[in-house]
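For reference, the structure discussed in these notes is given below.
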Amino acid sequence: MAEKTYSKEFLLEIYRKMVLIRQFEERVKFLFLEGIMPGTIHQYQGQEACAVGVCAALNKDDVITSTHRPNGHALAKGLTVDEMMAELFGKVTGCCKGKGGAMHMGNLDNGMITAVAIVGGNLPLATGAALAFKMRKEKRVAVSFMGDGATNEGSFHESLNMAAIWQVPVIFVVENNLYGASTPVSMVVRTKTIAERASIYKMPGVTVDGNNPLAVYEAAKEAVDRARDGQGPTLIELMTYRITGHSRRDPALYQPKDEKAQAKENEPIKRFSEYLTSSGMVEDSELEKIDQEIEHQIERAVENAQAAPEPKPEDALEDLFVEPI
Ligand SMILES: Cc1ncc(C[n+]2csc(CCOP(=O)(O)OP(=O)(O)O)c2C)c(N)n1
Ligand SMILES: [Mg+2]
């Protein structure tokens, strides 16, 4: 899996973050299906290597923007399990004080602009943040995460064009999970890859194995280094797979059985743990210990979130404006 040498600490942190996302999402799924958690859900199981690999290449003061499927990005960027679980329960201890909910996860203190549920709506925000960084001569970068479906929106093309003209430090990360809701990407994209679309805007476009966190990290690092160095935007297409339904109770019957079976074999956490243990770098027991610590951390967060108070109606009139990022 890896050609370069990474420290054990780095590799275990990648593993820990991917498992944190998986366990968080699995717990949320059951809380939701049991009718304990309000709202709606769009889950990230299967795509963990994308968020974790990209965010491993970022600094705390770099910013990310996300979509209707934001939990993986938020955890990878450093938001806490506690503030996120509380947000999903609509409680004042949540990262948006319970006023954002499932599709507006974010916290500027950790460099995450609140997520936008309008498909393609977050690209202009990332491009604008990157323009601000450039104008203020700050060595920060902005990342816009999106799905394959978002690349057919007008805002995708406008944002890439402007980012290219202005040469701003933004990275467009497309998580190609082969579907936009139930629509296969092959039905709505004529080119062989989505990365090809970058060439028309004269920016680099690469397609990478999005289920290999180290390959994702390498591609992101290269793009981040270029952006920080004033060399402008990059488009990174990450090939991955959503191993859960699109939202809520979607059984994803449109995903063919053999495709699902193959995706199960190729899922990032299974692959990465096999890589870590088979290379002799890590013992099974070390990974199990991490898994258990995360389980406890999530259970505590659920208890804390349930015990926390709800916002008051008059709180709706607060937090309408923020200081510039
Ligand atoms: C502009 C707009 N159109 C439609 C929707 C409804 N919708 C929410 S998610 C989604 C599919 C998005 O697919 P993709 O961009 O590939 O992201 P994925 O769900 O696969 O992560 C759609 C159509 C929306 N939120 N915004
Ligand atoms: Mg998709």
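Quick note: numbers below take in every heavy atom, side chains included, and nothing from hydrogens, waters or symmetry partners. When a ligand or atom number is given, it counts from 1 through the structure's own listing order.
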Would you kindly say whether Y15 and D291 are connected by a side-chain donor-acceptor distance under 3.5 Å?
yes

Between Q43 and E25, what is the shortest heavy-atom contact and its length?
NE2-O, 2.7 Å

Compute the minimum heavy-atom distance from M146 to ligand 1 and say whether it is under 4.0 Å.
no

Using a 4.0 Å cutoff against the non-hydrogen atoms of A181, which atoms of ligand 1 qualify?
11 (C), 13 (O)

Holding to ring pair (Phe, Tyr, Trp, His ring centres under 6.0 Å), I want the full list of residues that pass it with Y254, two or more places apart in sequence or in another chain.
Y179

Which is it for A117 and ligand 1 at heavy atoms under 4.0 Å: side chain, backbone, both or neither?
backbone

Any idea which protein heavy atom is nearest atom 3 (N) of ligand 1, and the distance to it?
E153 OE2, 4.3 Å

So, leaving waters aside, the tally of protein N/O/S atoms less than 2.8 Å from the Mg ion (ligand 2) stands at 3

Please give me the minimum heavy-atom distance between L235 and I194, naming the atom from each residue.
CD2-O, 3.7 Å

For the pair K77 (side chain) and I64 (backbone), establish whether a donor and an acceptor sit closer than 3.5 Å, ignoring hydrogens and angles.
no

I need the minimum non-hydrogen distance between S66 and M112, along with the two atoms involved.
CB-CE, 3.7 Å

Students often mix this up, so state it plainly: with edges at 30° and 60°, are the rings of H157 and Y201 parallel, tilted or perpendicular?
tilted

Atom NZ of K221 and atom CZ of R228: how far apart are they, to the nearest 0.5 Å?
8.0 Å

Under 4.0 Å from atom 24 (C) of ligand 1, is there any protein heavy atom?
yes

Ligand 1 atoms nearer than 4.0 angstrom to some heavy atom of G149 are 14 (P), 15 (O), 16 (O)

When rounded to the nearest 0.5 Å, the distance separating CD1 of I290 from CD of E295 is 13.5 Å

Numbered atoms and elements of ligand 1 in range of N177, under 4.0 angstrom, heavy atoms:
18 (P), 20 (O), 21 (O)

Option passing side-chain contact (heavy atoms from CB on, under 4.5 Å) with R197 (candidates V189, V174, L160):
V189

Counting only heavy atoms from other residues, nucleotides and ligands, does the tally under 6.0 Å from NZ of K8 exceed 12?
yes

Distance under 4.0 Å to a non-hydrogen atom of R69: what atoms of ligand 1 satisfy this?
18 (P), 19 (O), 21 (O)

Would A150 count as a polar contact of ligand 1, with the cut-off being nitrogen or oxygen pairs under 3.5 Å?
yes

Ligand 1 to R242 polar contact by distance, N or O atoms, under 3.5 Å:
no

Are there more than 12 heavy atoms of other residues, nucleotides or ligands under 6.0 Å from atom CG of L33?
yes

What about H42: any of its N or O atoms under 3.5 Å from an N or O on ligand 1?
no

Just jot down the ligand 1 atoms closer than 4.0 angstrom to any heavy atom of I118, in number order.
1 (C), 26 (N)

Atom 11 (C) of ligand 1: any protein heavy atom closer than 4.0 Å
yes

Before you tell me yes or no, could you show the steps for M239 and D209 under side-chain contact (heavy atoms from CB on, under 4.5 Å), namely the whole-Å CA-CA distance, both residues' side-chain angles and the distance that decides it to 0.1 Å?
CA-CA 5 Å; M239 300 309 299; D209 176 358; 5.6 Å; no

To the nearest 0.1 Å, how far is atom 13 (O) of ligand 1 from its closest protein heavy atom, and which atom is that?
G180 CA, 3.2 Å

Give me the residue, atom name and distance of the protein heavy atom closest to atom 4 (C) of ligand 1.
V119 CG2, 4.4 Å

